[in-house]
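Note that the structure is predicted; figures quoted are calculated from it, not measured. Along the sequence shown, residues carry numbers from 1.
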Amino acid sequence: MESAKRVLVYLTKENSLLHCAKFAQGITGHYSANNGDKAFIHCGLEKNQFVISDCQFLGSTRVQLQRPSFCPIKNLSPRQSASLPQEIQGRGVDVGVAVLVQSINKKVLLTRRSKSLNIFPNVWVPPGGHVELGEQLLEAGLRELQEETGLRLQEVSWSMLGLWESAFPPLLSRGLPSRHHIVTYLLVQTNETHQQMQERLCPDEREVSACVWLDTEIAKHIVAAEYSGSPCGPLPASISVLELIHGSLSQSDRSMATFLNSAPKEGEDIERISTGTKYALSLWLDGMPTNSSPCA
């Protein structure tokens, strides 16, 4: 897809001229001290450009931007960067939106990507996708939610949780990156229970193979295992999920260990919750009352 037809990331720092981010440019490191993996930035979507700045601007939101320590873009050598195909070098950095739908009973929806997808197959993520020209972030997120799950939401409140710098393949050991995104995680809160929304789920099997509703306790275990190395106390053996089989959702149990998996450093990927999704879950828990924070 030509860059003129995509919403791309644009950068400004210390009042520099706004410019389109380059594919092989580390966005997080650009704004953090000593090329670190975390920074607080101001961002906003205007005139089909997703602007990131170190200074506040009209309509901007201040949020945290983060990337994994193993981010391929961060770890590209100059030689590897120069060896990227010209069509990749010139494609810029895409903007994605992912919607963390929260029910009134404090559960959030994740979906497992179809095994047939080229990017992050069989990985658990919130519904989401690319921002199309002319769309606002929430508009894009709700459209992707409906396209992937059949769930149409109208009366919602929402906020931006944070940004995640993502690349695919997710590790250099699996090949040079061919995709580079800034993913905008949105928290969308409804006045419906998860059971009410579940009755309307009708996933597109070309994109989704299963759905799961996570409560704060399960999310705590997932986040703690990722950031502290171990879950918060005793774990349930399994989690109830909705598997999409021949067009219909059927309830089944998946091992809790599946949801604690991390991206393997070598070899083929495995079923797991994406690293960016775990980051979004941590931000979600941070916004909860104190007793809902990880390992409280």
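Nearest heavy-atom pair, Ser274 versus Tyr185, reported as atom, atom and distance to 0.1 Å: OG-OH, 4.4 Å. When every heavy atom of Lys38 is checked against every heavy atom of Thr28, the shortest pair comes out as N-CG2, 3.6 Å. When all heavy atoms of Gln64 and Leu283 are compared, the pair lying nearest together is NE2-CD2, 4.3 Å. What you find for Arg62 and Phe40 is that their closest heavy atoms are NH2-CB, 3.5 Å. Closest approach of Tyr31 to Ile52, counting heavy atoms only: OH-O, 2.8 Å. In plain terms, the two heavy atoms of Asp204 and Glu147 that are nearest each other are CB-O, 3.6 Å.
Side-chain heavy atoms closer than 4.5 Å link hydrophobic residues (I, L, V, M, F, W, Y) into clusters, and following such links, possibly through other members, connects Val101 to Leu242. Linking Ile, Leu, Val, Met, Phe, Trp and Tyr whenever their side-chain heavy atoms come within less than 4.5 Å puts Val99 and Val7 in one cluster. Cluster annotation: Ile270 is not connected to Leu260 through the hydrophobic network of ILVMFWY side chains, with a link wherever side-chain heavy atoms come within less than 4.5 Å. Residues Val131 and Leu186 fall within the same hydrophobic cluster, defined by Ile, Leu, Val, Met, Phe, Trp and Tyr side chains chained together at heavy-atom separations under 4.5 Å. Linking ILVMFWY side-chain heavy atoms closer than 4.5 Å, directly or via other members, places Tyr279 and Val183 in a single hydrophobic cluster.
How far NZ of Lys265 is from CZ of Arg174: 12.0 Å, rounded to the nearest 0.5 Å. Taken to the nearest 0.5 Å, the CG atom of Leu18 stands 5.5 Å off from the CD atom of Gln49. Here the CD atom belonging to Glu217 is positioned 11.5 Å from the CG atom belonging to Leu235, to the nearest 0.5 angstrom. Remark: Leu45 CG to Glu135 CD distance equals 9.5 Å, nearest 0.5 Å. For the atom pair Ser250 OG and Leu244 CG, the distance stands at 8.5 Å (nearest 0.5 Å). Note that NZ of Lys278 and CD1 of Ile222 are 7.5 Å apart. Values are rounded to the nearest 0.5 Å.
No hydrogens or angles considered: a donor-acceptor pair under 3.5 Å links the side chains of Ser240 and Gln251. Between the side chains of Glu144 and His130, no donor-acceptor pair of N or O atoms lies under 3.5 Å. Glu207 and Ser114 share no side-chain donor-acceptor pair at under 3.5 Å. There is no side-chain donor-acceptor pair under 3.5 Å between Ser209 and Glu243. In summary, the side chains of His42 and Asp54 do not present any donor paired with an acceptor at a separation below 3.5 Å, with no hydrogens or angles considered.
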For residues 117-126, please give each side-chain donor-acceptor pair under 3.5 Å, one per line with the distance, not counting sequence neighbours.
{"unit_1": "Trp124", "atom_1": "NE1", "unit_2": "Glu271", "atom_2": "OE2", "d": "3.0"}

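The main-chain N or O of His30 is found under 3.5 Å from a side-chain atom of Lys13 such that the two form a donor-acceptor pair. In this structure a side-chain-to-backbone donor-acceptor pair under 3.5 Å is missing from Asn105 to Thr193. Side chain of Gln66 to backbone of Ala39: no donor-acceptor contact under 3.5 angstrom is found. The backbone N or O of Val93 lies less than 3.5 Å from no partner atom in the side chain of His181, so there is not a single donor-acceptor pair. Checking side-chain atoms of Asn34 against main-chain N and O of Gly36 turns up no donor-acceptor pair under 3.5 Å. Between the side chain of Ser16 and the main chain of Thr12, no donor-acceptor pair closer than 3.5 Å is present. Although no hydrogens or angles enter the test, the distance criterion places no donor-acceptor pair under 3.5 Å between the side chain of Thr277 and the main chain of Ile273.
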Worked check of side chain to side chain contact (heavy atoms under 4.5 Å, CB included) between Leu100 and Trp284: CA-CA 9 Å; Leu100 206 61; Trp284 175 57; 3.8 Å; yes
Check against side chain to side chain contact (heavy atoms under 4.5 Å, CB included), Leu187 and Gln189: CA-CA 6 Å; Leu187 175 63; Gln189 301 181 66; 3.9 Å; yes
Evaluation steps, side chain to side chain contact (heavy atoms under 4.5 Å, CB included), between Phe50 and Leu8: CA-CA 6 Å; Phe50 188 76; Leu8 298 176; over 6 Å; no
Verdict with reasoning, Glu155 to Thr190, per side chain to side chain donor-acceptor pair (under 3.5 Å): CA-CA 7 Å; Glu155 295 183 8; Thr190 78; over 6 Å; no
Test log, rule side chain to side chain contact (heavy atoms under 4.5 Å, CB included), inputs Leu281 and Val108: CA-CA 9 Å; Leu281 290 174; Val108 291; 4.0 Å; yes
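By the 4.5 Å heavy-atom criterion applied to side chains, Pro264 and Asp269 are counted as neighbours. Ser238 is not listed as a side-chain neighbour of Met256, based on a closest heavy-atom distance of 4.5 Å or more. Two residues are said to be in side-chain contact when any heavy atoms from C-beta on lie closer than 4.5 Å; Leu249 and Pro203 meet this criterion. In this structure, the side chains of Cys43 and Met160 come closer than 4.5 Å at one or more pairs of heavy atoms. Side-chain contact between Arg6 and Arg91 is present, with at least one heavy-atom pair separated by less than 4.5 Å. Looking only at side-chain heavy atoms (C-beta outward), Thr216 and Met288 come within less than 4.5 Å of each other. At least one side-chain heavy atom of Leu109 sits less than 4.5 Å from a side-chain heavy atom of Cys211. For the pair Phe168 and Pro72, the minimum side-chain heavy-atom distance is 4.5 Å or more.
Taking Ile, Leu, Val, Met, Phe, Trp and Tyr as members and joining any whose side-chain heavy atoms lie under 4.5 Å apart, directly or through other members, the hydrophobic cluster of Ile73 also contains Phe23, Leu76, Leu84, Ile88, Leu172, Leu176.
Under a 4.0 Å N-O distance rule, the pair Asp94/Arg179 does not qualify as a salt bridge. Salt bridge status for Glu132 with Arg143: present, with a side-chain N to carboxylate O gap under 4.0 Å.
Within the structure, side-chain hydrogen bond (donor to acceptor under 3.5 Å, both in side chains) contacts touching residues 72-88 (residues at least two apart or in different chains) are Asp37-Lys74, Ser77-Gln80.
For Gln56, the CD atom sits in a loose shell: 12 or fewer heavy atoms of surrounding residues, nucleotides or ligands are nearer than 6.0 Å. Counting heavy-atom neighbours within 6.0 Å of Asn15 CG, excluding the residue itself, gives a total of 12 or less.
Checked options Lys107, Arg200, Arg152; the residue passing with Glu192 is Arg200 (criterion: salt bridge (Lys or Arg N to Asp or Glu O under 4.0 Å)).
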